[in-house]
Amino acid sequence: MLAGTAIGAAAQDFTLRATANSNENDEDYDGLVVFKNYVEQASNGAIEVELFIGTQLCSNGAECLQGVAESQIDIFISTSGGASGIFPFVQVLDLPYLMADDRIAETVMANGSPFVTTMQDMVTEASGGAIRLMTIGNTGGWRNFANTQRRVQTPADLEGLKIRTVVADLPQELVKALGASPTPIPWPELFTSFQTGVVEGSKNGITDIMGMKFPDAGLQYVTLDGHAYMGALWFMSNETFMSMPEDLRRVVVDGFYQLQQATFASPKRKSIQAYEDFVEGGGDLYVPTPEEKEAFKEAAGPVYDWFKANVDGGEQIFDALNTAVAEAEEEVNAVRDREVN
């Protein structure tokens with residue numbers, strides 16, 4: 001009887017319902033396609049992954065995460081802004097100028113880093129064990145300042161501009177620290193808001209800017225300050241995950257690694273054409289000098305103190321991020337030194 005039970009458990013089929021509130025041109029979709037392909041093959045068909053792209057299952061971060069907590073949705077991807085209402089500490093991903101480049105960011109976001117391990121534990125605790133943070137990928141590259149009015153080379157050039165933010169507190173604090181006026185606007189309304197002057201700028205990656213055709217609404221200036229890595233938080237129902245036998249849980253974990261790598265790569269490839277199209281359409285693309293970028297970081301300094309003092313779990317996750325960044329810089333720079341000498 002015991003042997004029969006074990007065989008029956010191993011042969012059980014699982015269906016994972018995965019959703020992303022985006023579209024099939026997005027990095028989130030690229031990641032899910034890779035995840036689906038890997039998991040279904042590696043499980044020998046024991047796991048089926050159903051993809052729901054858009055708002056078929058839920059319409060926003062809070063609603064989708066509630067669905068994950070109740071196991072009505074098995075997998076959901078969210079930006080920090082979408083998840084911050086439930087997990088405020090994830091806004092640490094919006095803290096500016098802490099990671100220098102993709103190699104550092106991807107090392108910091110690797111599962112097992114001090115940062116990811118800490119955030120996974122905090123998500124599990126804050127959700128009462130209902131939600132797991134499986135991995136952190138990327139969605140759109142790096143956030144840059146873009147606007148309809150003028151080239152931005154220094155923080156002073158942002159003075160007075162109405163910059164679109166999400167509803168979360170931290171992006172608004174950053175915009176205020178740099179002298180601009182934060183204006184929360186829902187993503188679907190942003191194109192019209194540029195046209196009508198409700199907002200004059202935003203904090204987005206180039207693939208999002210071009211994908212939404214914002215230059216047609218007047219967005220003509222992009223400053224490549226790279227102030228924040230656009231982390232993508234991939235959550236899963238803990239009940240669903242733990243209902244699987246250990247061998248299939250390993251398949252799912254490895255599937256999320258494959259997904260993460262796909263989302264790391266996708267924005268790099270897509271941004272090439274996006275930048276070309278932006279400039280060809282008359283857009284002004286500016287890369288700050290190291291001195292100018294340092295001026296932005298200095299101006300944003302008060303945001304770090306605000307985050308640690310005002311966000312529940314802020315100091316813990318901020319310290320974990322800084323620890324992981326320091327370790328990543330040491331590791332990556334050691335490899336660079338060996339390769340160039």
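Residues R143 and N204 are in side-chain contact: their nearest non-hydrogen atoms beyond the backbone lie under 4.5 Å apart. Contact check for E40 versus E48: side-chain heavy atoms found under the 4.5 Å cut-off. Under the 4.5 Å side-chain criterion, counting only non-hydrogen atoms from C-beta, F14 is not in contact with T240. For the pair W234/L32, a side-chain contact is recorded, criterion being any heavy-atom separation below 4.5 Å from C-beta on. With contacts defined as side-chain heavy-atom distances shorter than 4.5 Å, the pair K270/M210 does not qualify. By the 4.5 Å heavy-atom criterion applied to side chains, L98 and F318 are counted as neighbours. Within the 4.5 Å cutoff, side-chain heavy atoms of Y97 are placed close to those of K293. Residues E246 and R249 are in side-chain contact: their nearest non-hydrogen atoms beyond the backbone lie under 4.5 Å apart.
With salt bridges taken as basic N to acidic carboxylate O contacts below 4.0 Å, none links D94 and K203. Between R151 and E292 there is no salt bridge, since no side-chain nitrogen of the basic residue lies less than 4.0 Å from a carboxylate oxygen of the acidic one.
If you look at F241 and F256, their ring centroids are not closer than 6.0 Å.
Placement of Y304 and F89 within a single hydrophobic cluster is found when ILVMFWY residues are connected by side-chain heavy-atom separations under 4.5 Å, directly or transitively. In the hydrophobic clustering of this structure, V90 groups with M99; members are Ile, Leu, Val, Met, Phe, Trp, Tyr whose side-chain heavy atoms approach within less than 4.5 Å, directly or through other members. With hydrophobic clusters built from ILVMFWY side chains whose heavy atoms lie under 4.5 angstrom apart, Y29 shares a cluster with V39. Cluster annotation: F115 and L133 are assigned to the same hydrophobic cluster (Ile/Leu/Val/Met/Phe/Trp/Tyr, side-chain heavy-atom contacts under 4.5 Å, transitive). In the hydrophobic cluster analysis, where Ile, Leu, Val, Met, Phe, Trp and Tyr join through side-chain heavy atoms closer than 4.5 angstrom, L16 is grouped together with Y38.
For the ring pair (Phe, Tyr, Trp, His ring centres under 6.0 Å) test, no residue two or more places apart in sequence or in another chain qualifies with F76.
Of the inter-residue distances, the one linking Q120 atom CD with L233 atom CG reads 10.5 Å to the nearest 0.5 angstrom. Atom CD of E330 sits about 12.5 Å away from atom OG1 of T107, to the nearest 0.5 Å.
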- Stepwise salt bridge (Lys or Arg N to Asp or Glu O under 4.0 Å) test for R336 and D101: CA-CA 13 Å; R336 284 172 172 154; D101 54 40; 2.9 Å; yes
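Side-chain N or O atoms of E200 include one that pairs as donor or acceptor with a backbone N or O of K162 at under 3.5 Å.
Of all heavy-atom pairs spanning T263 and G31, the tightest one is CG2-CA, 3.9 Å. Nearest heavy-atom pair across I206 and A274 is CG1-CB, 3.9 Å. Closest approach of I136 to Q260, counting heavy atoms only: O-NE2, 3.1 Å. Contact detail for P267 and N138: the closest heavy-atom pair is CG-OD1, 3.1 Å. The two residues V68 and D74 make their nearest non-hydrogen contact at CG1-O, 4.5 Å.
None of F296, W142, F145 except one satisfies the ring pair (Phe, Tyr, Trp, His ring centres under 6.0 Å) rule with H227; the exception is F145. Of the residues T207, D30, T79, D28, the one that meets the side-chain hydrogen bond (donor to acceptor under 3.5 Å, both in side chains) test with T139 is D28.
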Check: residues 171-181 side-chain donor-acceptor pairs under 3.5 Å, at least two apart:
{"residue": "Q172", "atom": "NE2", "partner": "V167", "partner atom": "O", "Å": "2.7"}
{"residue": "Q172", "atom": "NE2", "partner": "A168", "partner atom": "O", "Å": "3.2"}
{"residue": "E173", "atom": "OE2", "partner": "K176", "partner atom": "NZ", "Å": "3.3"}

